[in-house]
Amino acid sequence: MNYYSRMMAKTHQMKTLFLSFENSEMKFYDSLKKVYGGNSFVEFSRYLPHEFSSLDDVFKALTEYKEQWGYDMLIIDPFESFQDLMNGNYRSEDYGRILERIRQYTQEHDIITILAAHQRKLSEGEEPTISNIFGSVSFGNKADFIFSVQNIGNFMTKLTTLKIRHNYEEGIKGKSVYFSFDPRNGVYTPAEYDEQDGSFAEVALTAKTVKDATEKAILKPMGEEKRDIVEQLPTERKTSQPAQENKPIEIVRSDYLCSVIESGKSKGLTSLKNCLTGVPLSKKKEIEKVRGYEYKSPLYDKAKGYIPTFTPSCTIAPSMTAQRENIMRVNNIICMDIDGADNEGMSTKEMKEKLSQLPFVWIVKNSLSNRGVFALIKIGINGTTMEEVKSEFKTYYKAISEELAKVGIKVDAQCNNINRTRYLSLDNEPYFKPMAEVYEIENIKSLTPSCSTAANDGKNIELSNRDKERFLKAMERITKDHLQITHTHEESRSIGRSLANVFGENGRKYYHIVRAQKPNYDKVRSDERYNEYLADGMSENYTIATFFKFFNEAKTA
């Protein structure tokens, strides 16, 4: 089903929500990462936490995710896990009612729903049928399609159609197909089966083949391959900041996801809303226990260690530590930490009242200790690399701290990093302003070309509105597709001179975007180059047409 969801995403850009009762979120995302071959699954797949107390809770959560994210397909695995919500009623008609409710939900929300249902234990040689699906004969009435999936050994899977609602029009009932499964990447490949001698035209993977291939895949990156990659890097980069600092980073401005951190590593992705309002009952009890101990006592600190944290400003790659180099995406959200110790004598209620005076404060919630609060604010960051975004976060944190000081709120000055984590907490009266303003700082606003050549010889090249729009779209394309438009020093020089002529100092950020697409990009070196281009003065040989010449050649290559 993971592989099928991947193919639907690849072929039709369909988004899938998984209600996976038997998998932890971390294990689930690990398996998807294998199928997708990387972290691109986050765009098309979401995991629904499954601590529900009733069937109504399930459908409420499904509806909320549909409204927030707009998924196209729902996969529930396994169906029989619903028995935990049936108050001990495991009769066939009770399962039938659940199936009918799922069917209605599927039609009302115009989605595809796939249920994984186990069969009762089969006798040797017995084939799966609709009548021996666990729980209810209602599957035969409610489902449009029913397939049996059998592991027949030697990493081969047999898929048989047991029901097709519009038989003969949409397929043949009772037909079987075979697939070879590669456990190294989670991929299924069609296999031809010879009915005469019961053999496959293509040899399937044997256990030894998989073992050998897996060991080779694990050992090589840890040894030779890893060393080769390091040696290919330019000398100056070996001692500089991690490569990700200068790589393009995606900024998310809605449908916020964050990572849950437990035992020092990312357990997986979930919605920001879930971290703020969907605290599981078991964790609520743990939080109450923390608040019952003396603040910062040994018992308090020990109990606090059992509370998960989350990253409101970014997402961390699953199973990785919350270090900046493991950040996948950045949210345009900054979290301001307001400690009770820094605001002595002020209750959390008073803090919220003061913060509510500011039009840009979006959400305020009590901290884990219940002695302070944290405030979430949407900010107008527009950096294109991790280094730029990191710098902007610090600038915004300082500026907002000064704004909060005007209403008598003192902020913890040390909490300005993007990958800062927050503990899950409880608050019966959180502050929420749905239409809060996005906090903007004028001098680091988004890409808006402004013709300024003060650094040159006083001449000025004005761009038409059409050229400004074309230029913005070109920069978006370069960033999104990692389009490399220069390949030689001379080409980079031409681009740099044209940007310096047209935009002056304001062209520096565009030059960094262009240079960041090259494998040997170095920020310091690029700054030095751009200083030279500014100092060269104006030249009629380098205009915006120079930029578009290289851009158009690259995008059509």
Considering non-hydrogen atoms only, spot the tightest contact between Lys283 and Ile307 and give its length. O-CD1, 4.5 Å
Could you tell me whether Asp144 and Arg103 make a salt bridge, using a distance below 4.0 angstrom between a side-chain N and a carboxylate O? no
Which pair of heavy atoms, one from Gly380 and one from Val438, lies closest together, and at what distance? N-CG1, 3.7 Å
Are Phe310 and Asn274 packed together at the side-chain level, in the sense that at least one heavy-atom pair is separated by less than 4.5 angstrom? no
Whether over 12 other heavy atoms sit under 6.0 Å from Phe432 CZ: yes
To the nearest 0.5 angstrom, please state how far the CD1 atom of Ile102 sits from the CG atom of Leu115. 5.0 Å
Beyond-backbone contact of Ile114 with Met73, side-chain heavy atoms, under 4.5 angstrom: yes
Would you check if Met8 and Ile112 make a side-chain contact, meaning some heavy-atom pair closer than 4.5 Å? yes
Residue pair Asp72 / Ile111, side-chain heavy-atom distance below 4.5 Å: no
Can you find a pair of side-chain heavy atoms, one from Phe547 and one from Ile485, that are under 4.5 Å apart? yes
Min side-chain heavy-atom separation Ile381-Phe393 under 4.5 Å: yes
With sequence neighbours left out, write down each residue that passes salt bridge (charged side-chain N to carboxylate O under 4.0 Å, His left out) with Asp427, or none if nothing qualifies. Lys352
Would you find a donor on one side and an acceptor on the other, under 3.5 Å apart, between the side chain of Tyr105 and the backbone of Leu62? yes
How about Arg46 and Leu257: do any of their side-chain heavy atoms sit closer than 4.5 Å? yes
Test side chain to side chain contact (heavy atoms under 4.5 Å, CB included) applied to Ile316 and Thr321, Asn326, Leu269, the passing residue: Asn326
Are more than 12 heavy atoms from other residues, nucleotides or ligands located less than 6.0 Å from atom CD of Glu100? yes
I'd like to know whether Ile418 forms a side-chain contact (heavy atoms from CB on, under 4.5 Å) with Met386, so could you lay out the CA-CA distance, the side-chain angles of the two residues, the decisive distance to 0.1 Å, and finally the verdict. CA-CA 10 Å; Ile418 303 169; Met386 180 58 70; 3.8 Å; yes
From SG (Cys314) to CG (Asn331), nearest 0.5 Å: 7.5 Å
Taking 4.0 angstrom as the limit, do Arg101 and Asp56 come out as a salt bridge? yes
Let me see the working for Thr315 and Val42 under side-chain contact (heavy atoms from CB on, under 4.5 Å), right down to the final yes or no. CA-CA 10 Å; Thr315 54; Val42 297; over 6 Å; no
Would you call the rings of Trp69 and Tyr71 parallel, tilted or perpendicular, where under 30° means parallel and over 60° means perpendicular? tilted
Given side-chain contact (heavy atoms from CB on, under 4.5 Å), test Phe360 with Ile379 step by step and report yes or no. CA-CA 9 Å; Phe360 52 81; Ile379 56 177; over 6 Å; no
What are the two closest heavy atoms between Lys15 and Gly70, and how far apart are they? CE-O, 3.9 Å
Taking all heavy atoms of Thr385 and all of Ala516, pick out the closest pair and write down the distance. CG2-CB, 4.4 Å
Let me know which of Leu376, Val252, Ile377 forms a side chain to side chain contact (heavy atoms under 4.5 Å, CB included) with Ile333. Leu376
How long is the span from the CG atom in Leu272 to the OG1 atom in Thr311, to the nearest 0.5 Å? 9.0 Å
Can you check whether Ile130's main-chain N or O pairs, donor with acceptor, with Lys163's side chain at less than 3.5 Å? no
Taking NZ in Lys265 as the centre, count heavy atoms belonging to other residues, nucleotides or ligands within less than 6.0 Å. Is the count above 12? no
If the plane angle is over 60° it's perpendicular, under 30° parallel, otherwise tilted; pick one for Tyr396 and Tyr439. perpendicular
For the residue pair Phe374 and Ser425, establish whether any side-chain heavy-atom pair is separated by less than 4.5 Å. yes
Consider only side-chain N and O atoms of Thr16 and Ser5, and report whether a donor and an acceptor are under 3.5 Å apart. no
To the nearest 0.5 Å, tell me how far Ser313 OG sits from Arg422 CZ. 10.5 Å
Could you report the tightest heavy-atom contact between Lys433 and Tyr431, atom names first, then the distance? CE-OH, 2.6 Å
Going from OG1 on Thr479 to CD on Glu476, what distance comes out if it is rounded to the nearest 0.5 angstrom? 8.0 Å
Would you give the length of the straight line joining atom CD1 of Ile98 to atom CD1 of Ile76, rounded to the nearest 0.5 angstrom? 10.0 Å
Are the side chain of Glu286 and the backbone of Tyr306 linked by a donor-acceptor contact shorter than 3.5 Å? no
One pair to check against side-chain contact (heavy atoms from CB on, under 4.5 Å): Leu483 and Arg477. What are the steps and the verdict? CA-CA 7 Å; Leu483 194 64; Arg477 172 77 180 274; 4.2 Å; yes
Nearest heavy-atom contact between Cys258 and Ser271 is SG-O, 4.0 Å
